[in-house]
Amino acid sequence: MTKRLTEVAKKAGVSEATVSRVLNGRDGVSEATRTAVLTALDVLGYERPTKLRGERARLVGLVLPELQNPIFPALAEVVTGSLAQRGYTPALCARTIGGVSEMDYVEMLLDHQVSGVIFAGGSYALADARHDHYRRLTDRGLPVVLVNAGVDELGFPRVSTDDAVAVEQAYGHLRSLGHERIGMVLGPEGHVPSRRKLDAMVQAAGWGDVERECVERSSFSMEGARVAATKLVERGVTGIICASDVLALGTIRAARRLGRSVPTDISVVGFDDSAFMTCTDPPLTTVRQPIETMGQAAVDLLVTQIEGVGVLQDELLFEPELVVRGSTAPAPRR
C-alpha cells in the first residue's frame, strides 16, 4: 500500500496524504486533484477502490499498429497533444510482432475504465479479420473513433483520407508525364483503404480485367513491396502508385535491384508523406495525408461522444495533397 501511495503521488504530483484522501473518498480535495490522482492510478495499472470503479477515468486509449512507420508517431503526437489540451490523459498502445494484440489492448483499456478509444490502422480496416473486440466496446457504450476507413457494420464514427482523390491525383500526375502503363502496389486483399484505392483506379483509368495484372498486393513492409513491385517492373510498368510511403521505398529498392533507375526508368508515387520522405534518394513524390487536421477531428469526435453531445455516424473524408519531388519523371522513350 505504501509503495502504491508513493508511486501514485509522484505520478499525480501531489502528496501521499492527498492520494489517501482521494482513495478513501474524503472531502477537502479539489475535483482537478481528484481527477489527477485517479488518472495516475489508472495509468500505473492499479485497481481503483470498489466504490470508485463505476467512474470512468479521463483516460483515452490510442491504439496503433506500429511505431516504425513514421506516419503513426506523427498521428500520435497530434492526438495526444489535442487530448491533453482537453484535459484527457492519453494511453498509447502500439502493437508489436509477437507482442500484445489489439484484442488484448482493448481488454486492458476496459479494465482501466477509459473514457474512450481512438484506433488507427487496426483490424477494423481488414474486412476478413475478427471484429469481436470492437463489438465489446459497442456493448459497453464506449465512445470510439476509427482513423482511415473501416468495416461499415461496426457503426463507429470515422475520420479518413479520401482515397479516391489520392489516386486521382497520383494517376493524373503520372499520365501528365506520359506514363501509359501504370501499376499499383496495395495492401492485403481485405484492406479497406486499398480496396478504395483500387476502385478509384478502375474509375480513373477505365481498367478492365486485363489491366488487373498491373496490381500487386503486399504486407505493409519494404520487403513485401520489393517482391510485389519486382513483378510489376518485369511486366513493363513504368509508373507505380503505392498505398504507403513504406511500400514506395520498397518499390524503389525493387527497381534498383533489377538495374532500373528511379525516376529515369520507373516513376514511383507514395502515400502518407511521412517524416524523412524529403531525405530519401530520390526524395519521394507522395500524396500527403492531412494528419494534423485528421487527428484533431478524431479527438473532437471522441470528446463529443464522451460529453454526450451526440454521435456522428457519417465518415469524415479529408482531401489529400500531391507533393511532387524527385521520384517521378517523364516516361522513358521506347
Side-chain angles (χ1 to χ4, degrees), residues 63-66 68-69 71-72 95-98 101-103 119-135 146-156 158 160-168 170-171 174 181-237 239-254 268-272 286-287 289 315 317 320:
V63 184
L64 304 175
E66 57 167 311
Q68 291 182 329
N69 184 335
I71 200 66
F72 292 116
R95 303 199 311 274
T96 57
I97 297 175
S101 68
E102 187 176 70
M103 188 177 303
F119 291 92
S123 58
Y124 63 83
L126 299 170
D128 53 357
R130 290 187 60 186
H131 301 131
D132 297 348
H133 53 295
Y134 298 121
R135 295 187 176 91
L146 309 179
V147 177
N148 273 335
V151 180
D152 290 335
E153 57 264 26
L154 292 175
F156 294 134
R158 289 167 287 171
S160 302
T161 300
D162 194 323
D163 290 303
V165 172
V167 170
E168 289 166 5
Y171 177 73
L174 291 175
R181 192 154 175 80
I182 298 172
M184 303 185 82
V185 176
L186 300 176
E189 183 69 35
H191 186 242
V192 174
S194 290
R195 284 185 177 180
R196 291 181 171 187
K197 289 180 174 68
L198 179 56
D199 290 343
M201 189 66 169
V202 170
Q203 290 293 321
W207 275 3
D209 292 337
V210 175
E211 288 82 4
R212 295 299 178 103
E213 70 172 15
C214 293
V215 178
E216 285 295 331
R217 302 280 183 174
S218 169
S219 61
F220 282 95
S221 67
M222 288 183 63
E223 186 57 30
R226 187 191 66 78
V227 174
T230 295
K231 298 175 183 177
L232 295 180
V233 173
E234 290 175 341
R235 292 172 192 156
V237 168
I240 302 177
I241 299 170
C242 302
S244 77
D245 290 343
V246 171
L247 296 183
L249 295 179
T251 296
I252 291 173
R253 178 179 294 179
V268 179
V269 181
F271 178 80
D272 282 337
T286 187
V287 181
Q289 292 200 69
E315 181 177 17
L317 291 177

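Given the structure is predicted, the values throughout are model-derived calculations rather than measurements.
- Nearest heavy atoms, C242 versus F271: O-CB, 3.5 Å.
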Report task. Output, in order, the C-alpha distance, side-chain angles, deciding distance and verdict of side chain to side chain contact (heavy atoms under 4.5 Å, CB included) for R217 and H191. Result -> CA-CA 10 Å; R217 302 280 183 174; H191 186 242; 5.5 Å; no

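- Not one N or O on the side chain of R253 forms a donor-acceptor pair closer than 3.5 Å with the backbone of A225.
- A distance-only check finds no donor-acceptor pair linking the side chain of N148 to the backbone of A120 [under 3.5 Å].
- Nearest heavy-atom pair, L247 versus S218, reported as atom, atom and distance to 0.1 Å: CD2-OG, 3.8 Å.
- We find the CG-CD distance between D162 and Q289 to be 11.0 Å, quoted to the nearest 0.5 Å.
- L317 has its side chain out of reach of V165: every pair of non-hydrogen atoms, C-beta onward, lies at least 4.5 Å apart.
- Considering R195, R196, K197 as possible partners of L186, the one that fulfils the side chain to side chain contact (heavy atoms under 4.5 Å, CB included) test is K197.
- In plain terms, the two heavy atoms of F220 and V246 that are nearest each other are O-CG1, 4.2 Å.
- No option in M103, E102, R130 other than E102 meets the side chain to side chain contact (heavy atoms under 4.5 Å, CB included) test with S123.
- The two atoms that bring S160 and A149 nearest to each other are OG-N, 2.7 Å, heavy atoms only.
- C214 has its side chain out of reach of M201: every pair of non-hydrogen atoms, C-beta onward, lies at least 4.5 Å apart.
- Listed by first and then second residue, the side-chain hydrogen bond (donor to acceptor under 3.5 Å, both in side chains) pairs involving residues 221-232 are S219-S221, E223-R226 (not counting sequence neighbours).
- Between S194 and P188, the shortest heavy-atom contact is CB-O, 4.5 Å.
- Of all heavy-atom pairs spanning V167 and A200, the tightest one is CB-CB, 3.9 Å.
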Requested in this report: With side chain to side chain contact (heavy atoms under 4.5 Å, CB included) as the test, would you mind laying out the steps for F119 and F156 before giving the verdict?
Outcome: CA-CA 11 Å; F119 291 92; F156 294 134; 5.9 Å; no

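- Under the 4.5 Å side-chain criterion, counting only non-hydrogen atoms from C-beta, V233 is in contact with I240.
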Report task. Please step through side chain to side chain contact (heavy atoms under 4.5 Å, CB included) for the pair N69 and D272, ending with a clear verdict. Result -> CA-CA 10 Å; N69 184 335; D272 282 337; 4.1 Å; yes

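- Atoms OG and CE, on S244 and M222 in that order, are 10.0 Å from each other to the nearest 0.5 Å.
- Taken to the nearest 0.5 Å, the CD1 atom of I241 stands 11.0 Å off from the CG atom of L232.
- Residues Y124 and L154 have side chains in contact (heavy-atom distance under 4.5 Å, counting atoms from C-beta outward).
- Of the inter-residue distances, the one linking T251 atom OG1 with L249 atom CG reads 8.5 Å to the nearest 0.5 angstrom.
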